[in-house]
Structure formats: structure tokens, C-alpha cells
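Inspection log for the structure reproduced underneath, given as C-alpha cells.
Counting convention: from 1, in listed order, for ligands and their atoms alike. In this chain, residues are counted from 1 in sequence order. Being a predicted model, the structure only gives us computed values, none of them experimental.
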Amino acid sequence: MVDVKELIKKMTLREKLGQMTQLDGFYFSESSAVTGPISEMNISEDDILLLGSVLGTTGASQTTRIQKRHMEKSRLAIPLLFMADVIHGYRTIFPIPLALGCTWDPELVEQAMAAAAKEASVAGVHVNFSPMVDMVRDPRWGRVMETTGEDPYLNSLFAKAFVKAYQGSSYDVPYTLAACVKHFAGYGGAEAGRDYNTVELSNYTLRDQYLPAYKAAVDAGCDMVMTSFNTLDGVPSTANTWLLREVLRNEWGFNGVVISDWGAVKEIIAHGVAEDGKEAVLKSITAGTNIEMMTSTYLNWGEKLVEEGLLDEALIDEAVERILELKVKLGLFENPYRYADTEKEKEIILCKEHRELAYETAVQSLVLLKNDDDILPLDAANKKIALIGPFAESRSILGGWSCEGRDEEAVSIKEGLEAILPADSLFIAKGCDIEEGTDQDIADAVRLAEKCDVIIAALGEHAGMSGEAGSRAFLTLPGRQQELLDALYSTGKKVIVVLFNGRPLDLRPIVEHSAAVLEAWFPGTEGGNAIASVLLGKKAPSGRLTMSFPYTVGQIPVYYNHLNTGRPKLVDTIENRFCSAFLDIPNKPLFPFGYGLTYTTFEYADIKLDNNMLTPDSVIRVSAVVKNTGSRAGVETVQLYIRDITGSRSRPVKELKGFERIELQPGEARKVTFDITEDMLKFTRLDGKFDSEAGRFTAMIGPNAEDTLSVDFILDK
Ligand code: BGC
């Protein structure tokens, strides 16, 4: 076993700063093309041998080659850590995280992400830059696709599931990886949804809404944390001592490694919080950013800062110790290649079992938003079906951050439908591209649609329209797709819309005129099969939104757990002028948090408490009876919300506190019960304590955040 403290004693200051620097695989190649970029970084080729970790290089043969050379040539033979973004799958691609959230099934997602970890670990990855748990309220922000949504409780459950999936119960479990939760903290609060923009949050909102999911990841044992690009209270996260030392280390007891986001140490200068690289290094090392990603300011300035007595070398030792401890924990000193194995890659990557999981998660993440007259599941017997739109035959349905995913390995909606439908029943036209189209193509598609009985329109955004730096101000369908759709409506045929996109869109015009709308997100490798199964009734949809869909962009941010204001709008009409409302649109989103239909219907009745007086050491139970009132079996996600009616601070109008997915046969009714404890009522009070306050509360049970039954109880303490 390596004695990390002893090893540090043998290291030169520059070797230590090397451990604290991460560059991508390009810098480790032996090609002469790398000399230019190396000198631009103001480092030498020899410095490459000092580096501690590699970004974004995957594949067993590549990672093994780099590691082998490094172990042979570097003075102390300290193994490299290979880190990559395996956000929703390595090569078998699962639905984007926002879609995974819509499964409301952390256990299923844990299985899927364990499969992703398995593929990545045999490809030589040691640390995964996931989970991304930024809470989001603004669909203009492209990175909403990387999160599980707008709710701190649900995000926390998923954060934990992701960490467990990657890290397993210990690193001795085969095919595990270290998790790196990101982006700490509050990155999802970017003003106007413009990526990298300023974040302006009260401490109350930060603590109660934004921080819980990061904390859940840390509590689950997550070994790394990545800082965010934004400022909090005017201080960039990467240089934020309060955030990284007081909250993360002291309050939460985090012992792992903190890495900056890409170039974020240097960006402290652009934020106007450091004069130059030297001050940026001083601030970020002092704050506790242990690794700098993709810039070389630590190597450029670290020695000078120590020589001049401005930076205590003990702070550098602290960082290096954490980094080396992680290498020890992962067993890299014993086996620097860990699970990297070209033979295993062939066996594990894209294996049948992983594709099946990709199919299952895709099925469960689809959200049925509208289904007039039960047009779905589609009765395809003796019908001619027109499949129209830029996504009709497209395999570009993996979404952003798809790691090693390949479009050609994905199943398109056409292929999925063809595998189930009788031959010669599917007729296809593109109609237009995602961002452009011709009159001729639209006319051709309409002509084809006229000859068919029903239209499936496969529309949406391309993957690059969401994800990092993928902010959009217009959330309607891009290009001429709405025009195409309008032309299809004018045929008088029923139109079923299937949407591919990385964020909630402005869907009003689509919802109004379509017979059915299925939100497919970017569903991953098995997307087409999953969609076809749901459209044709082999499977029933069960996904539920984890982000509100706005009525229109002007309503954003719109989220379910808002405060009440002093002048709440009680009914959604515009008569009552002097209340918190718009003159021209309702306050309610188009589709609320928790919403989603299936092929049967459910009725909620009889909400009851077993006792309406809760004390800190008791549990009370709230229940409601849920009945399947349709003619098919179906899965319902029964949701519990609680409101704290009066507090030392204004409290959200409701907060998700529990849910249960149940399956009911036609006509079957079941009483669903939730425990309520005092713990669930805690929040950051005016006195700064995270605790509950005695008083009146409302418990609500329903199928989504809007349609709930309610009953009051008292917390006595
Ligand atoms: C992103 C991170 C990502 C990193 C490394 C950055 O631009 O913000 O989420 O982990 O790149 O790829």
C-alpha cells in the first residue's frame, strides 16, 4: 500500500502542481503537432510527464498506451487518472438525463447507469464527470437536458442513484468508477437561461432548492466534485472559499477531490475577481480547488506564489494528498490500467443486456402529453400510416453528451415502426429538415399524407440545440417544422406528434391541433423501438414530467414549488387585475411538474390522515384511494406534496415529499399511504437553522403538482 504522505515528501513542488493539472488526451500523444499547444500553455514537454490526470480519452487501447508510457517515463511513476463525461451511457446510449428523470424510477436508472459504468470502465475510464445535478427552472438553458429536472427532492434521489451506480458499494466491486458530481453550485440558475451567465440567488433558495441534490451525492459517498462556471454572491465557484470550504468540507464533511470546470480557474480573471493568472491560482487553491481542468495556471504560477510566500505549500500538499488518496482508493498503484481491457470491450460494450436496458429506460421515459379520443395506442390494422418529419428516418436521436455513442447504432422511429407494423403500411416523407426546408418538400409530404389514414409527425430540435452553450430564446419548433405541421393539419387527418428535444418546448400550437403528442426527448440507442412499442400499444407510456412546460417563453421561469406572493392569483382568469399575474397569459404552465398520461385513466378519492397531529418523534400517515377507471392496466405515479402554511420565511406552495409508482388493473382500486415525519418539514429558517417550525401544514396527493386532493395537519413541538 502506498503511503501518500511519504510519497508527497519525495515530490518536487512542480510535480505536485502537475498532479493538480488536467489536460486532454491530445497532450499525451507522441505526435509533433502537440508541441505548439504545449508551448501556448507555457509549459514544457517534460511537464506532461508530471500531470496527474487525462480528460476525455477513452478506449482500452488508448488509455492503456498513454498509461504505460507515463508509468515508464515519469520519475515517480504515479498513475494517471482518466476522466470522461459518461453522462447517459458510454456507447450504449440511454435517454438523456432529463428523460431519465421522467421515469420517476431511480432504481431502473441506477441499473442503466451501472451498465454505462461497466462499458466505460473496460474502456479505461476511472472517473465519470457525472452526475450533473444542477436544479433547473429555465428551459432556455440548453443544459436542462443533462439534469433530472426542477425538483430538489427528486433530483436528490437520482443523484444518489447515479453515485451508487458508478461507485458501487466499494471500488472492489468490478467495473466501478468514481463519480464526480457537478456543477457546484447553482449553475442551473443562469439568468435568462443564457449559458455561463450570472447567477443571482438568495441564500435561502440556494440552500433549500439548489444545494440538496449536490449534498445527496456527497452523502452517497461521491468522491469528486466539479465547480461551476458561475459566480455566487459575486464570487466564482472555483474561487469560492465559503462554498468549497465552509459548506462542502466543513458542513457536509466532503473528503474527496474538487476539480474546476473546463478553464474555470483562468476565467476568474474574466469574472473580474483576479487581476491575472497568479491571483487566480492563489484564489482557487486557497478556496480548495484541487485540480485545474484544461488550463495551466497552476503550473505557470504555483511555484512563484510559494517562493514569494503568498501561498502556503501546505495548501498544495492538501490538494495533492486528496488526489493521490483517490488513486490509492481506486487501486491504481497496484494496477494502473484497472478494468481497461480490449477483450472485455468487445464482450460488454453494446451487449444485448445493455441494449435491453436502453430500451426499457427509453420506454419509461416517454411522456404522453395529449391523447384525444384515445387515438393512441394506434390501431394500425388495415391502415396506411404516414410518417413525416425530419426525425422520421433519423438515427440522430442520442442527444448531447453521448460519449462514444454512434448514430449508426441507434434505431430510428421508422425502423422501430417497421419492426412491428405489417409490410407496406408505412409511408415516409421528410417534409423538411430541422432548421430549413423547401416548399416542394412540404408539398410532397402533404400529398403523401393525403393518401394515408393517419399521420405521425416526428419533429424537434437537433442535439446541438441543447447541451452546453445550447441556449435558445425561442422554444418553438425550429425552421419550417411548424409550417409543415400546419400543412399536415389542413389535410383533416389526425396528427400524432412525436417530439425529439432536449428541453421543455413551447408546445401550445402543437397541442391545440394534434390528436396526440408524445414527448420522446432524445431517447438513445433503442429510441425507435421504444417509441414504436408505445405508439402501437406493446407498452403503455408511464413517464411523468420533471420540469414544467411553459405556456409561452414569457412565463419563464415557471416551476411548481414557487412562493405564494402577497397577491396570489387564485383563479386563472384575468378579471382580478391587481394580483401577481400576466394580462395576456395564465399563470399555470401548459403542462405541470409530475404530469403525464397513459392508456388508462385514474381517479383519486378519499384523502385521509390517520392522525392530524404530528410531533417530532411520531409518524402520521396520509392516504388516498386511487382507482383505475379505464379499460387497460396501467402504471400511475402517485405523488405526495406538502405545504408549510406559515413560517418564519415564506414557504413554497407545495413541495414533493414522496411518490409511489403503482400498477392497477382495470377497475382495481388501491389505498396508497405515505408516512409524514417532522424531518420532511425542515427548511432553512430565518434564524439560519435547518429545522422545522410548529404550525399548520397541508398534505396533498395527486397525479401531478396541480391536480391534488388535500388535507391539513398540525406540527406540534
Ligand atoms: C463542462 C463539464 C464537463 C467538462 C469536461 C465542460 O465544458 O461544463 O460539464 O464535464 O467540460 O468535458
Side-chain angles (χ1 to χ4, degrees), residues 21-28 51-59 63 80-90 96-98 113 116-117 120 123-136 141-148 155 159 162-163 166 177-190 193-199 213-214 217 222-231 236-238 256-268 270-271 284 289-296 399-405 463-464 466-471 502:
T21 304
Q22 173 169 100
L23 295 179
D24 67 20
F26 174 71
Y27 289 87
F28 294 79
L51 301 186
S53 53
V54 188
L55 166 68
T57 294
T58 60
T63 52
L80 290 161
L81 274 168
F82 286 85
M83 309 198 192
D85 295 277
V86 186
I87 306 299
H88 54 113
Y90 175 76
I96 55 170
L98 187 59
M113 293 304 102
V125 177
H126 304 144
V127 178
N128 189 3
F129 290 139
S130 169
M132 191 282 209
V133 302
D134 300 327
M135 199 203 72
V136 288
W141 195 47
R143 302 199 79 167
V144 302
M145 55 104 11
E146 292 171 58
T147 86
T148 48
N155 286 354
F162 276 82
V163 173
Y166 303 146
L177 311 161
C180 176
V181 65
K182 66 189 187 185
H183 307 82
F184 192 62
Y187 183 30
R194 207 184 70 209
D195 205 2
Y196 318 119
N197 203 6
T198 306
V199 170
Y214 309 107
C222 186
D223 272 319
M224 263 183 80
V225 170
M226 186 187 294
T227 65
S228 55
F229 287 123
N230 55 282
T231 55
S237 300
T238 311
V257 177
V258 174
I259 187 168
S260 80
D261 201 348
W262 182 298
V265 171
K266 217 168 177 179
E267 287 173 19
I268 301 170
H271 278 296
S284 63
T289 300
N290 308 138
I291 301 180
E292 164 179 28
M293 186 197 290
M294 284 311 287
T295 37
S296 54
W401 293 109
S402 283
C403 204
E404 294 299 316
S466 54
E468 187 172 355
S471 300

Mark up the atoms of ligand 1 that fall under 4.0 Å of a heavy atom belonging to [X], in ascending order.
| X | result |
| --- | --- |
| Phe129 | 10 (O) |
| Lys182 | 2 (C), 3 (C), 9 (O), 10 (O) |
| His183 | 2 (C), 8 (O), 9 (O) |

Out of the candidates Phe26, Tyr27, Phe82, only one should pair with Val54 under the side-chain contact (heavy atoms from CB on, under 4.5 Å) rule; please name it.
Phe82
Any donor-acceptor N/O pair, [X] side chain to [Y] backbone, under 3.5 Å:
| X | Y | answer |
| --- | --- | --- |
| His183 | Asp134 | no |
| Asn290 | Val258 | yes |
| Thr148 | Pro97 | no |
| Ser471 | Gly193 | yes |

If the contact criterion is a heavy-atom separation under 4.0 Å, does Met226 count as touching ligand 1?
yes
Quick one: look up the protein heavy atom nearest atom 6 (C) of ligand 1 and list residue, atom name and how far away it is.
Asp261 OD1, 2.9 Å
List the closest protein heavy-atom neighbour of atom 7 (O) of ligand 1: residue, atom name, distance to the nearest 0.1 Å.
Glu468 OE1, 2.7 Å
Should Asp85 be counted as touching ligand 1, given the test is an N or O pair under 3.5 Å?
yes
Is a side-chain donor-acceptor pair under 3.5 Å present for Thr227 with Ser237?
no
Which bit of Arg143 is near ligand 1, meaning a heavy atom under 4.0 Å away: side chain, backbone, both or neither?
side chain
